Amino acid sequence: MLALNHICFPDDEIKRIPLQDLGPSHGLTSGSVKMYQRFFELESVGLHCGDLSEMLGSALSRLLAGYPNLRNESGVIYYCRTQTHHGFADENWLRGLVDTYGLEGWDVTSLTMTSCATALAAMRFIQACEEDRPVIILTGEKAFHYNVARLPVGLLGELPTAALFNAGPGKWSLLDSQVRHLPRYFQNPDAMAVEDRRALQKDYLTGLIRFVEDCLSNCADVLHPDFRVLPHNLNLPVTRALLRHFNWDQRCVQGDIHGLGHGYCSDIFVNLSEYEVSQTDQISPGTQLLVLAAGTGVTFATCLLERTDIT
């Protein structure tokens, strides 16, 4: 069973930039600012001042400060990214980044399987492989240009995280995971034919609801009645419609979607990290979280986590 030991999110290095100041990076007009404020209740977006290596390094270095013995072990690092960021592929930059922090004995790879749902899909993949070495999942990308930073359902931020798995007994255990891909909608909505775009608008919420229903059925034998739901920071109206459908408003642990925006694959780790800090009185051994993410493609993913240790 995959054990989650720790998550590092350097929140103190993230600047929350008001929407009115995001014109150069996100291509926002005064009208689009009002739209994001009204429909998605966005107030700002989290950005990191460093380049990609510095940004990821800030999370990785803090993780290693708490677990220095990892430098003496052999493990594997997965960098989960979206399909829009393929830069530096010829420069072996990820290998160089990992080596800089003393992890020369670790294997490194990057995954782009399911866009912003890749981190959850990676957890499913790692558990299926029965990987027994320590594993670090790195997430976070630079939202440096409006062609990739602005989505019709939310704005993208720069939120680096480093999540450590299999380094001894964990705080959380992965009980179940599910992934579903809707291949018809592989294109960016801006590039879709009109009929596909209309079909996506019709199918997205109903498809998400059916997927979640199937997830609940699949894990019914281990699911506690008082489990909580932790969604990503994307498309707030759809998230709220999903919560209403299942009557989950009181179960939901919503991250700082208003201040940080959507952090690519990082949302789940950011929200879980903040939940551990801000709501410690709600967490005890046996606490269960159903975490949810979606990526273009369209791909839905869930993981059911259970708290195993309160330390």
Side-chain angles (χ1 to χ4, degrees), residues 2-17 45-82 85 87-89 91-112 116 118-119 122-123 126 131 133-144 156-172 233 255-256 259-261 263-278 309 311:
L2 189 64
L4 172 58
N5 302 93
H6 190 68
I7 299 170
C8 277
F9 168 53
D11 184 55
D12 58 326
E13 297 185 18
I14 307 301
K15 293 185 178 180
R16 288 163 170 78
I17 310 299
V45 169
L47 300 181
H48 191 280
C49 65
D51 63 21
L52 181 60
S53 294
E54 292 169 337
M55 187 177 80
L56 296 176
S58 66
L60 183 59
S61 62
R62 295 190 186 198
L63 178 65
L64 293 173
Y67 294 84
N69 290 337
L70 292 175
R71 294 186 174 91
N72 303 319
E73 300 183 35
S74 175
V76 57
I77 290 182
Y78 293 90
Y79 173 45
C80 293
R81 62 185 186 181
T82 73
H85 288 68
F88 311 114
E91 299 179 18
N92 211 15
W93 70 272
L94 184 59
R95 175 78 268 170
L97 170 68
V98 170
D99 290 351
T100 298
Y101 292 96
L103 298 176
E104 295 90 343
W106 285 54
D107 295 328
V108 297
T109 188
S110 60
L111 298 177
T112 318
C116 294
T118 297
M123 291 167 61
I126 294 164
E131 178 65 68
R133 295 178 296 169
V135 173
I136 296 173
I137 293 181
L138 279 178
T139 65
E141 301 180 42
K142 296 298 291 184
F144 57 86
L156 291 162
E158 302 169 354
L159 312 177
T161 70
L164 175 64
F165 300 83
N166 285 350
K171 293 190 297 183
W172 300 90
N233 291 357
D256 185 14
L260 293 175
Y264 299 94
C265 298
S266 295
D267 282 353
I268 296 304
F269 294 141
V270 171
N271 294 347
L272 179 54
S273 176
E274 293 187 344
Y275 174 58
E276 289 180 324
V277 172
S278 64
D309 185 7
T311 59

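Remember, it's a predicted structure, so these values are computed and weren't measured experimentally.
- Not counting sequence neighbours, the partners of Glu276 by the salt bridge (charged side-chain N to carboxylate O under 4.0 Å, His left out) test are Lys171, Arg307.
- Side-chain contact check for Trp93 versus Leu56: some heavy-atom pair is nearer than 4.5 Å.
- Ile77 contributes atom CD1, which lies 7.0 Å from atom CG of Leu94 (distance to the nearest 0.5 angstrom).
- Ile17 places none of its side-chain heavy atoms less than 4.5 Å from the side chain of Val45.
- In this structure, Tyr275 and Trp172 have tilted ring planes: the angle between them lies in the 30° to 60° band.
- Taking 4.5 Å as the limit, every side-chain heavy atom of Leu4 sits out of range of all side-chain heavy atoms of Met123.
- Tyr101 OH to Leu64 CG: the interatomic distance, rounded to the nearest 0.5 Å, is 9.0 Å.
- The closest side-chain heavy-atom distance from Asn166 to Leu2 is below 4.5 Å.
- Inter-residue side-chain proximity for Pro160 and Ile14 is flagged as met; some heavy-atom pair is nearer than 4.5 Å.
- For Gly140 against Ser266, the heavy-atom pair with the smallest separation is N-OG, 3.3 Å.
- In this structure, Tyr79 and Val108 have side chains that are not in contact, with every pair of non-hydrogen atoms separated by 4.5 Å or more.
- Asn233 places no side-chain N or O within donor-acceptor distance of the main-chain N or O of Asp267, the cut-off being under 3.5 Å.
- Using a distance-only test at 3.5 Å, with no hydrogens or angles considered, no donor-acceptor pair links the side chain of Glu131 to the main chain of Ile126.
- The only member of Thr118, Thr109, Ile136, Thr139 that meets side-chain contact (heavy atoms from CB on, under 4.5 Å) when paired with Tyr78 is Thr109.
- To the nearest 0.5 Å, the span separating OG1 on Thr161 from CZ on Arg62 amounts to 13.0 Å.
- Counting all heavy atoms, side chain and backbone alike, Asn5 lies closest to Phe165 at OD1-C, 3.2 Å.
- Of all non-hydrogen atoms in Pro10 and Ser58, the two that sit nearest each other are CG-OG, 3.4 Å.
- Ser273 approaches Phe9 most closely through the heavy-atom pair OG-CB, 4.3 Å.
- The structure places CG of Leu156 at 6.5 Å from SG of Cys116, a figure rounded to the nearest 0.5 Å.
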*Show the numbers, then the answer: is there a side chain to side chain contact (heavy atoms under 4.5 Å, CB included) between Leu260 and Arg16?*
CA-CA 6 Å; Leu260 293 175; Arg16 288 163 170 78; 3.4 Å; yes
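- The closest donor-acceptor contact from the side chain of Trp106 to the backbone of Glu73 lies under 3.5 Å.
- Judged purely by atom type and a 3.5 angstrom limit, Glu141 has no side-chain atom pairing as donor or acceptor with the backbone of Tyr264.
- If you take NZ on Lys142 and CD on Glu54, they are separated by 8.5 Å, rounding to the nearest 0.5 Å.
- Rounded to the nearest 0.5 Å, atoms CZ (Arg71) and CG (Leu103) are 6.5 Å apart.
- Of all the heavy atoms in Arg95 and Asp107, the pair that sits closest is NH1-CA, 4.4 Å.
- Annotation: salt bridge (charged side-chain N to carboxylate O under 4.0 Å, His left out) contacts of Glu274 (sequence neighbours excluded): none.
- The two atoms that bring Ala122 and Ile137 nearest to each other are CB-CD1, 4.2 Å, heavy atoms only.
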_Residue pair Leu164, Leu70: steps toward the side chain to side chain contact (heavy atoms under 4.5 Å, CB included) verdict_ = CA-CA 10 Å; Leu164 175 64; Leu70 292 175; 3.9 Å; yes
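- Taking the side chain as every heavy atom from C-beta outward, Leu159 and Phe269 never approach each other to under 4.5 Å.
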